[in-house]
K.L.:
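Just dropping this structure here.
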There are 2 protein chains.
Amino acid sequence: MAAMARAATTSDAFNAIAEPQRRDILALLRAGERPVTDLAQELGMSQPGASKHLRVLREVGLVRVREAGKQRLYGLDARGLRPVHEWLGGFERYWNESFDRLDTYVQDLKQTRQED
Amino acid sequence: MAAMARAATTSDAFNAIAEPQRRDILALLRAGERPVTDLAQELGMSQPGASKHLRVLREVGLVRVREAGKQRLYGLDARGLRPVHEWLGGFERYWNESFDRLDTYVQDLKQTRQED
DNA sequence: TTGACGTATTCCGATATGGGAATATGATGG
DNA sequence: CCATCATATTCCCATATCGGAATACGTCAA
């Protein structure tokens, strides 16, 4: 376990969804299960590309596979997104009035403006 | 514009918050502004480490700096988290009953459960 | 000025990414 | 068994990461 440069994409839901294409895949899967090729085509990526992304999503548990004869149907398992949502929940109260909360900040701004 | 290996951490709020330490910093900043050294110490990271993470957060707009004499006070700007929250919102309905939605999948599960 | 403090930057190394291309594996229907 | 379709894996490359160590920069107080 030598120095890790950046957390693996498979280490976290956070890391897994950092990649836009992966987010797109998840979004598409809300509509229902899909085979790899479908996804690849719909999202304009190569089949290997899609497979790779799906692998990551699978390892993080955001996606499940089901064998269906020749095909493998990928389905959404959104439970893994919950931790992310919960973490964000702790910030909801802040993103409307971030600055009002920073009491000192506001006063400072007022002063600064008057001083100029 | 040569091949990008992985999206820059500064390209997105998604990417910026993929790093646990960065998440910790943001969480701490909810309590109010803080100088770098404070954060570093409280989170058990080096000062340069903290500075680097703060740089990323600043570039993504999740954090604001204010000069206060010898110090630089960092404050939370949670507005940048909103896109992430909104994206996640599209999944809330799924993470409780992900499988019910996957019609075909469900039947499969029922079987599996009975087999256990 | 000088010293001391607070902070940012630079250089380094090890690591893993995502994309393209090629190829391997797998299952199906003749 | 073979050809074909569906999917996964491998190899290669350019890139950027995070961490540590050292150092540069900025500001204040005496």
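Side chains included, hydrogens not; waters and symmetry mates left out as well; all remaining heavy atoms used. Quick note on labels: first sequence line is chain A, next is B, and so on, each numbered from 1. Everything numeric here is computed off the predicted structure, so don't read it as measured data.
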K.L.:
Return yes if a side-chain donor-acceptor contact under 3.5 Å exists between Arg22(A) and Asn15(A), otherwise no.
P.N.:
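No pair is found: no donor N or O on one side chain lies under 3.5 Å from an acceptor on the other.
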
K.L.:
Ignoring backbone atoms, establish whether Arg72(B) has a side-chain N or O less than 4.0 Å from OP1 or OP2 of dG6(C).
P.N.:
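Answer is no, no contact under 4.0 Å.
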
K.L.:
Yes or no on side chain to side chain contact (heavy atoms under 4.5 Å, CB included) for Arg30(B) and Phe91(A), after CA distance, side-chain angles and deciding distance?
P.N.:
CA-CA 8 Å; Arg30(B) 280 180 303 196; Phe91(A) 292 89; 3.6 Å; yes

K.L.:
Kindly write out the residues that satisfy side chain to side chain donor-acceptor pair (under 3.5 Å) with Glu92(B), not counting sequence neighbours, or none if the list is empty.
P.N.:
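Glu92(B) satisfies side chain to side chain donor-acceptor pair (under 3.5 Å) with no other residue.
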
K.L.:
What is the distance from CZ of Arg66(A) to P of dA6(D), rounded to the nearest Å?
P.N.:
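From Arg66(A) CZ to dA6(D) P: 17 Å.
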
K.L.:
Tyr74(B) side chain N/O closer than 4.0 Å to the phosphate oxygens (OP1, OP2) of dG6(C)?
P.N.:
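So the side chain of Tyr74(B) is outside the cut-off, no N or O lying under 4.0 Å from OP1 or OP2 of dG6(C).
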
K.L.:
Sequence neighbours left out, what pairs pass salt bridge (Lys or Arg N to Asp or Glu O under 4.0 Å) with at least one residue falling in residues 44-54 of chain B?
P.N.:
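Listed once each, the pairs would be none.
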
K.L.:
I'd like to check the side chain to side chain contact (heavy atoms under 4.5 Å, CB included) partners of Thr37(B); sequence neighbours left out, ordered by chain and number.
P.N.:
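Not a single residue meets the side chain to side chain contact (heavy atoms under 4.5 Å, CB included) criterion with Thr37(B).
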
K.L.:
When you check the phosphate oxygens OP1 and OP2 of dC18(D), does a side-chain N or O of Arg22(B) lie under 4.0 Å from one of them?
P.N.:
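Indeed, a polar side-chain atom of Arg22(B) lies that close.
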
K.L.:
Go through residues 13-21 of chain A and report each residue with a non-hydrogen atom lying under 4.0 Å from DNA chain C, sorted by number.
P.N.:
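Hits under 4.0 Å, by residue number: Glu19(A), Gln21(A).
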
K.L.:
Taking side chain to side chain contact (heavy atoms under 4.5 Å, CB included) as the definition, give me every residue that meets it alongside Arg55(A), ordered by chain and number, with sequence neighbours left out.
P.N.:
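Partners of Arg55(A) under the side chain to side chain contact (heavy atoms under 4.5 Å, CB included) test: Arg58(A), Glu59(A).
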
K.L.:
Partners of Asp38(A) by salt bridge (charged side-chain N to carboxylate O under 4.0 Å, His left out), sequence neighbours excluded?
P.N.:
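Asp38(A) satisfies salt bridge (charged side-chain N to carboxylate O under 4.0 Å, His left out) with Arg34(A) once adjacent residues are dropped.
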
K.L.:
Could you walk me through whether Leu39(A) and Asp24(A) satisfy the side chain to side chain contact (heavy atoms under 4.5 Å, CB included) test, starting with their C-alpha distance in whole Å, then the side-chain angles of each, then the deciding distance to 0.1 Å, before giving a yes or no?
P.N.:
CA-CA 9 Å; Leu39(A) 293 169; Asp24(A) 292 343; over 6 Å; no

K.L.:
Can you list the residues that meet the side chain to side chain donor-acceptor pair (under 3.5 Å) rule with Glu67(A), with sequence neighbours excluded?
P.N.:
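Glu67(A): side chain to side chain donor-acceptor pair (under 3.5 Å) contacts with Arg72(A).
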
K.L.:
Measure from CD on Glu67(B) to C1' on dT7(C) and round the result to the nearest Å.
P.N.:
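About 10 Å, once rounded to whole Å.
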
K.L.:
According to a strict under-4.0 Å criterion, is Thr37(A) in side-chain N/O contact with OP1 or OP2 of dA6(D)?
P.N.:
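No, because none of the side-chain N or O atoms of Thr37(A) sits under 4.0 Å from OP1 or OP2 of dA6(D).
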
K.L.:
Can you list everything that forms a side chain to side chain contact (heavy atoms under 4.5 Å, CB included) with Arg23(B)? Sequence neighbours excluded, please.
P.N.:
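For Arg23(B) the side chain to side chain contact (heavy atoms under 4.5 Å, CB included) partners, ignoring immediate neighbours, are Asp12(A), Phe14(A), Trp87(A), Ile17(B), Pro20(B).
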
K.L.:
Please enumerate all residues that pass side chain to side chain contact (heavy atoms under 4.5 Å, CB included) together with Ala68(A), with sequence neighbours excluded.
P.N.:
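Partners of Ala68(A) under the side chain to side chain contact (heavy atoms under 4.5 Å, CB included) test: Leu73(A).
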
K.L.:
How far does the helix from dT1(C)-dA30(D) to dG30(C)-dC1(D) bend, going by the axes of its first and last five pairs, to the nearest 10°?
P.N.:
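Comparing the axis at each end, I get an angle of 10°.
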
K.L.:
Of Ala68(A) and Val36(B), whose closest DNA chain C nucleotide lies nearer the 5' terminus?
P.N.:
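Nearest nucleotide further toward 5': that of Val36(B).
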
K.L.:
What parts of residues 41-58 of chain B reach DNA chain C, counting only heavy atoms under 4.0 Å away?
P.N.:
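Contacts with DNA chain C under 4.0 Å: Gln47(B), Pro48(B), Ser51(B), Lys52(B), Arg55(B).
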
